[in-house]
There are 2 protein chains.
Amino acid sequence: MLAIGTVARRTGIKIPTIRFYEQEGLIEAPPRTESGRRLYSAHAVRRLSFIRHARDLGFELDDVRSLLDLSDQPDRTCADVDQIARLHLDEVEARIERLRALKRELTRIVSSCAGGKTAECRIIEALADHEHCAAPHPTPAKAVKKRRKSPKSSKKHRM
Amino acid sequence: MLAIGTVARRTGIKIPTIRFYEQEGLIEAPPRTESGRRLYSAHAVRRLSFIRHARDLGFELDDVRSLLDLSDQPDRTCADVDQIARLHLDEVEARIERLRALKRELTRIVSSCAGGKTAECRIIEALADHEHCAAPHPTPAKAVKKRRKSPKSSKKHRM
DNA sequence: TCTACATTTTCTAGTCACTAGAGGATCAAG
DNA sequence: CTTGATCCTCTAGTGACTAGAAAATGTAGA
């Protein structure tokens, strides 16, 4: 049985996040020592790794929940799992496509900079004027996802 | 001078979001009618369109703020603007790359399903075991960004 | 054994960029 | 004059964490 810090190191999930997952019911509340510290079994660690991996792959917590439920009932057909993954794959493909359109426009914008003053800066013009877009990029709802920013230090982002 | 609803329709930014931008200092507080309703000038509408477009392109509000500051001081060199856009382009390219790795792995996972029971489901196995990854996909910090979910109806997502 | 430091506990509140809803005032059209 | 659209302010909620406080506990070295 491992302490939470060890589990965190082993799974790459931060300590508060592990507690958060417990609170959200993604993992069971683990047994405790006499003094109240959490103790994790190898099984719990595997479950956490599963969650981590699924999250890395872009599954939302709700998706992860479904996946975990499915794997808890080993007589369900694999088709459900497959469907979740497949849906997700479609989303990923769509996202790649949108990002590529975005990249095209950004490239166009960046390369239009001639090193002058902002008064005649093409980037600002291009941003001010949606009409000039080469590619019809994402409509309101499907615009570019923003990253999370750490308060100090550098940005990290998941995509 | 236009009412907020008209501006919303014209820029594609929702009314509460316009007010939010005002509160965040991205746009000046507009003049009001006697009864307190906001009235926007053509200039304000252009500024909002600028914000909208930059947001669509994935710039964070802080980036947008810098861009706006820059465009407000027309004697600054264009280089600052270019740098922001260029940095952003780098991020977009990195994101595309990560998404492609992700797609490879998802494809592998999906295609491994043979229609059996979850007990022998490869998807779950694949998710449980990070080691089996074909491509070394994103490390903790740069995992896949999750989408925003509308409360009812379907997921929308910006990326 | 003492001390120092690391680790853990619970709790609350903050992040980003909005979005939703309540409850009320004001406006334009019929 | 009434109806319904639009607007106002305010608070609270979203997802998936992350940060910090204050206190208890564990462990390693002197």
Side-chain angles (χ1 to χ4, degrees), chain A residues 1-9 11-26 29-40 48 51-52 54-56 58-65 140-141 143-159, chain B residues 1-9 11-26 29-40 48 51-52 54-65 140-141 143-153 155-159:
Chain A
M1 302 291 265
L2 307 168
I4 197 168
T6 316
V7 176
R9 247 167 280 125
T11 58
I13 305 175
K14 293 198 180 134
I15 292 173
T17 308
I18 295 175
R19 291 196 278 248
F20 168 76
Y21 287 160
E22 177 185 333
Q23 183 188 300
E24 293 293 295
L26 286 162
R32 308 273 189 132
T33 65
E34 257 177 64
S35 63
R37 297 186 170 204
R38 290 169 176 82
L39 287 177
Y40 295 89
L48 281 165
I51 295 170
R52 170 78 153 79
R55 293 287 300 122
D56 278 358
F59 290 96
E60 294 176 33
L61 284 196
D62 269 1
D63 292 337
V64 177
R65 228 181 293 268
V144 172
K145 180 58 205 176
K146 35 244 53 104
R147 293 115 290 158
R148 151 189 352 271
K149 213 175 201 167
S150 27
K152 306 279 168 194
S153 86
S154 69
K155 304 170 185 178
K156 41 181 71 175
H157 37 113
R158 354 191 91 213
M159 34 165 320
Chain B
M1 301 293 268
L2 306 167
I4 197 169
T6 315
V7 175
R9 248 167 280 125
T11 58
I13 305 174
K14 292 196 181 132
I15 292 173
T17 307
I18 294 176
R19 292 196 278 245
F20 169 76
Y21 287 160
E22 177 185 331
Q23 183 188 300
E24 292 293 295
L26 286 163
R32 307 273 187 131
T33 65
E34 255 176 66
S35 64
R37 300 188 168 200
R38 291 168 176 84
L39 286 176
Y40 294 90
L48 281 165
I51 295 170
R52 170 78 153 83
R55 293 287 298 123
D56 277 358
L57 287 172
F59 290 95
E60 295 175 32
L61 283 195
D62 268 2
D63 292 337
V64 178
R65 229 182 292 269
V144 172
K145 180 57 205 174
K146 35 244 53 100
R147 290 115 288 154
R148 159 191 339 278
K149 216 174 201 169
S150 30
K152 306 282 170 192
S153 85
K155 303 170 184 178
K156 41 180 72 174
H157 36 115
R158 355 189 92 212
M159 33 170 317

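Labels below follow one simple rule: chain letters A, B, ... track the order of the sequence lines, proteins then strands, and each chain is numbered from 1.
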Does a side-chain N or O from [X] land closer than 4.0 Å to OP1 or OP2 of [N], or not?
{"X": "B/Tyr21", "N": "C/dC18", "result": "yes"}
{"X": "B/Arg19", "N": "C/dA17", "result": "no"}
{"X": "A/Arg55", "N": "D/dC17", "result": "yes"}

Just jot down the side-chain hydrogen bond (donor to acceptor under 3.5 Å, both in side chains) partners of A/Thr6, sequence neighbours excluded, or say none. none
Could you report the tightest heavy-atom contact between [X] and [Y], atom names first, then the distance?
{"X": "A/Arg19", "Y": "A/Ile4", "result": "CG-CD1, 3.7 Å"}
{"X": "B/Ile15", "Y": "B/Ala8", "result": "CG1-CB, 3.7 Å"}
{"X": "A/Tyr40", "Y": "A/Arg38", "result": "OH-CD, 3.0 Å"}

Using modelled atom types and a 3.5 Å cut-off, is there a donor and acceptor pairing between side-chain atoms of A/Thr17 and backbone atoms of A/Ile13? no
Please check: side-chain N/O of A/Arg65 versus main-chain N/O of A/Glu24, any donor-acceptor pairing under 3.5 Å? yes
Can you tell me the distance, in whole Å, between the [atom1] atom of [X] and the [atom2] atom of [N]?
{"X": "A/Leu26", "N": "D/dG15", "atom1": "CG", "atom2": "P", "answer": "13 Å"}
{"X": "A/Ile15", "N": "D/dT18", "atom1": "CD1", "atom2": "P", "answer": "12 Å"}
{"X": "B/Phe20", "N": "D/dT14", "atom1": "CZ", "atom2": "C1'", "answer": "13 Å"}
{"X": "A/Asp62", "N": "D/dT14", "atom1": "CG", "atom2": "P", "answer": "12 Å"}
{"X": "B/Asp63", "N": "C/dA17", "atom1": "CG", "atom2": "P", "answer": "9 Å"}
{"X": "B/Ile18", "N": "D/dT9", "atom1": "CD1", "atom2": "P", "answer": "13 Å"}
{"X": "A/Ile51", "N": "D/dG15", "atom1": "CD1", "atom2": "C1'", "answer": "16 Å"}
{"X": "B/Arg9", "N": "D/dT6", "atom1": "CZ", "atom2": "P", "answer": "6 Å"}

Base, sugar-phosphate or nothing for B/Arg38? Non-hydrogen atoms, less than 4.0 Å. sugar-phosphate
Heteroatom pairs (N/O) under 3.5 angstrom, protein to nucleotides 23-26 of chain D:
{"residue": "D/dT25", "atom": "O3'", "partner": "A/Ser35", "partner atom": "OG", "Å": "3.1"}
{"residue": "D/dT25", "atom": "O2", "partner": "A/Arg37", "partner atom": "NH2", "Å": "2.9"}
{"residue": "D/dG26", "atom": "OP1", "partner": "A/Ser35", "partner atom": "OG", "Å": "2.9"}

Only counting residues at least two apart or in another chain, list the ones meeting salt bridge (charged side-chain N to carboxylate O under 4.0 Å, His left out) with B/Arg37. none
Residue [X], side-chain heavy atoms: nucleotide from [options] that is nearest:
{"X": "B/Ile4", "options": "D/dT18, D/dC7, C/dT8", "result": "D/dC7"}
{"X": "A/Lys14", "options": "D/dT18, D/dT6, D/dC8", "result": "D/dT18"}
{"X": "B/Leu61", "options": "C/dC18, D/dC17, D/dT6", "result": "C/dC18"}
{"X": "B/Glu60", "options": "D/dC7, D/dC17, C/dA17", "result": "C/dA17"}

Please tell me which of B/Gln23 and B/Gly5 maps to the more 5' nucleotide of DNA chain D, matching each residue to the nucleotide holding its nearest heavy atom. B/Gly5
